[in-house]
Colleague: 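I have a structure here, written as structure tokens, and I will follow up with some questions on it.
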Amino acid sequence: MSQHAVERTLGKLLTDESFRERFFTAPRVTAWAAGLRLSDIELAALTGLSRSALRSFSASLDPRICRLCLPRKSSPEEQQP
């Protein structure tokens, strides 16, 4: 099961920009919330990946296999000067 979780995590890191940003901010919480049960060693290995390499490879993928990432709409309070 663990190798499966690593493979799923890699897939999400490459195809889901929002997941990628959350993962590098709070890896354990993000993985757990996505149902990915990673060992400490696996988590350390994945968080050690180059963000720029992941972004670059992700950009080379066919957009039909990537999750659409829409900008978050701001609330009226955030729009005020």
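Residue numbers start at 1 and run along the sequence shown. Computed from a predicted structure; not experimentally measured.
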Colleague: Kindly compute the distance separating CG (Leu36) from CD (Glu7), expressed to the nearest 0.5 Å.
Modeller: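 So the gap between those two atoms works out to 11.5 Å.
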Colleague: With a 4.5 Å cut-off on side-chain heavy atoms, are Thr9 and Val6 touching?
Modeller: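 In short, these two side chains do not touch, never coming nearer than 4.5 Å.
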Colleague: Does Asp40 reach the side chain of Arg28, with side-chain heavy atoms less than 4.5 Å apart?
Modeller: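 A side-chain contact under 4.5 Å exists here.
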Colleague: Between Phe24 and Leu54, is there a side-chain heavy-atom distance shorter than 4.5 Å?
Modeller: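 Result yes, sub-4.5 Å side-chain heavy-atom pair found.
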Colleague: So do the side chains of Leu38 and Trp32 get within less than 4.5 Å of each other, counting heavy atoms only?
Modeller: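 They are not in contact (no side-chain heavy atoms under 4.5 Å apart), so the answer is no.
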Colleague: Heavy-atom distance under 4.5 Å between the side chains of Thr25 and Thr30, does that happen here?
Modeller: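 No, every pair of side-chain atoms sits at 4.5 Å or beyond.
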Colleague: According to side chain to side chain contact (heavy atoms under 4.5 Å, CB included), who are the partners of Ala33, at least two apart in sequence or on a separate chain?
Modeller: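 None.
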Colleague: Measure across Arg37 and Ala31 and return the closest heavy-atom pair with its distance rounded to 0.1 Å.
Modeller: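 Heavy atoms of Arg37 and Ala31 come nearest at NH1-O, 4.3 Å.
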Colleague: Could you tell me the separation between the CD atom of Glu17 and the CZ atom of Arg55, rounded to the nearest 0.5 Å?
Modeller: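 It comes to 8.5 Å.
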Colleague: When rounded to the nearest 0.5 angstrom, what is the spacing between CZ in Phe57 and CG in Leu10?
Modeller: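 Separation between the atoms: 10.5 Å.
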Colleague: Identify whether Phe23 and Val29 are in the same connected component of the hydrophobic contact network (ILVMFWY, side-chain heavy atoms under 4.5 Å).
Modeller: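 No; Val29 is not reachable from Phe23 via cluster members.
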Colleague: Taking all non-hydrogen atoms of both residues, which atom of Gly35 and which atom of Arg8 are closest, and how far apart?
Modeller: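 Answer, listing the atom of Gly35 first, then Arg8: O-NH1, 4.1 Å.
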Colleague: Apply the side chain to side chain contact (heavy atoms under 4.5 Å, CB included) test between Ser18 and each candidate in Arg20, Glu21, Arg22; give the one that qualifies.
Modeller: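 By the side chain to side chain contact (heavy atoms under 4.5 Å, CB included) criterion, Ser18 pairs with just one of Arg20, Glu21, Arg22: Arg22.
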